[in-house]
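To keep things clear, I will list the structure first and then write my remarks on it.
Within every chain, numbering begins at 1; the chains are lettered A, B, ... in the order of the sequence lines, protein sequences first and strands thereafter.
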There are 2 protein chains.
Amino acid sequence: MNTDTALTALAALAHPTRLEAFRLLVQHEPEGLSTGQLVDASGLTQSTFSTHLAVLAKAGLVKSEKRGRQFIQRAEIDALKGLMLFLAKDCCQGRAELCEPLLAELACC
Amino acid sequence: MNTDTALTALAALAHPTRLEAFRLLVQHEPEGLSTGQLVDASGLTQSTFSTHLAVLAKAGLVKSEKRGRQFIQRAEIDALKGLMLFLAKDCCQGRAELCEPLLAELACC
DNA sequence: AAGACCTATCGGAAAAATACGATGCATTTA
DNA sequence: TAAATGCATCGTATTTTTCCGATAGGTCTT
């Protein structure tokens, strides 16, 4: 994960509709949800949500799989992992003392 | 860290200038850097960078302290920690099997 | 006290993001 | 084959973001 990739992922998640959709998909791992289900959950127009979904897909946070005449969307946990690793490296670059308390709290989940 | 706070933090980091400034400040913990040093590093106008810095400050990612006639900026590691915890909870909500490999990689830093 | 320095804020122009309806393509159903 | 379903894309209007120069308020120096 380089800086550009991280920036794209951050921008993709920095929108209420997209963050909520991504969280919903994470909760529905590994089965996923159809695009239509996500549209319904968003409360937005189908076309508008499609644009948001494209942003998540372009960022690599969501992958889609054709299933009949609908698409099943799934969260890419590895992409989230990559983003968190990128953020963590910011504070741990040769300074474990900054990162240790962070990891300690993360371990609780 | 609630959803709104996380969204604000994500949006604040989702810009090249702001992400770079934040990373620079993390690297310079705990001494910090003056606003002027950050302006020079950004290559932008003083006023333009000041706006970016305000976004980071509003998101709670950066705190400033008056020091003579300049301001020393410092990264708020706890805010970063909070954001990462928020993201991690997305994938660990009652499903440790998703989060374990993530934590395993984080532990390496 | 006057001038230099550091930073925030205002006003405005240019660029990007957001939202919608309409349309088109592929797939399933009838 | 014809109609209906599921989704992406296009065109476009509105809003938001981004950037700059100019200005103003403190703080230090002289």
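Look at A:Thr45 and you'll find a side-chain N or O under 4.0 angstrom from OP1 or OP2 of C:dC20. Contact annotation: B:Thr51 does not reach the phosphate of D:dC19 (side-chain N/O to OP1 or OP2, under 4.0 Å). At the phosphate of C:dT27, OP1 or OP2 sits under 4.0 Å from a side-chain N or O atom of A:Lys66.
Between B:Gln70 and A:Ser47, it is B:Gln70 whose nearest contact on DNA chain C lies nearer the 5' terminus. Between B:Ala54 and A:His52, the one whose closest nucleotide on DNA chain C sits nearer the 5' end is B:Ala54.
Rounded to an integer number of Å, the gap from B:Lys58 NZ to C:dA8 C1' is 14 Å. Protein atom CD of B:Gln73 is 12 Å distant from nucleotide atom C1' of C:dC6, rounded to whole Å. A straight line from CG of B:Leu38 to C1' of C:dT7 spans 12 Å, rounded to a whole angstrom. Atoms CG (B:Leu33) and C1' (C:dC6) sit 15 Å apart, rounded to a whole Å. The separation between B:Leu56 atom CG and D:dT17 atom C1' is 15 Å, rounded to whole Å. Summarising the geometry, the separation between CD on B:Glu65 and P on C:dC6 is reported as 18 Å, rounded to the nearest angstrom. To the nearest angstrom, P of C:dA17 lies 12 Å from CG of A:Leu7. Counting to the nearest Å, the P atom of D:dT17 and the CZ atom of B:Phe49 are 18 Å from each other.
In plain terms, the two heavy atoms of B:Leu13 and B:Leu56 that are nearest each other are CD2-CD2, 4.2 Å.
B:Ser50 comes within 4.0 angstrom of a base, heavy atoms only. Note on A:Thr35: only backbone sugar-phosphate atoms sit closer than 4.0 angstrom, heavy atoms only; bases stay farther off. If you check every strand for non-hydrogen atoms under 4.0 Å, A:Arg67 touches nothing.
In this structure, A:Leu25 is not a member of the same hydrophobic cluster as A:Ile72, with clusters built from ILVMFWY side-chain heavy atoms closer than 4.5 Å.
Between A:Glu29 and A:Arg74 there is a salt bridge, since a side-chain N of the basic residue sits under 4.0 Å from a carboxylate O of the acidic one.
In summary, the side chains of A:Ser34 and A:Gln73 do not present any donor paired with an acceptor at a separation below 3.5 Å, with no hydrogens or angles considered.
The A:Leu53 side chain lies nearest to D:dA8 when the options are C:dC20, D:dA8, C:dA19. Proximity note for B:Leu44 (side chain, C-beta onward) versus D:dC20, C:dA19, D:dG6: the nearest is D:dC20. Checking D:dC19, C:dC6, C:dT29 against every side-chain atom of A:Arg69, the shortest atom distance belongs to C:dT29. Ranking D:dC20, D:dA8, C:dC20 by closeness to the A:Gln46 side chain, first place goes to D:dA8.
One distance of note links CZ of B:Phe86 with CG of B:Leu10; it measures 7.5 Å at 0.5 Å rounding.
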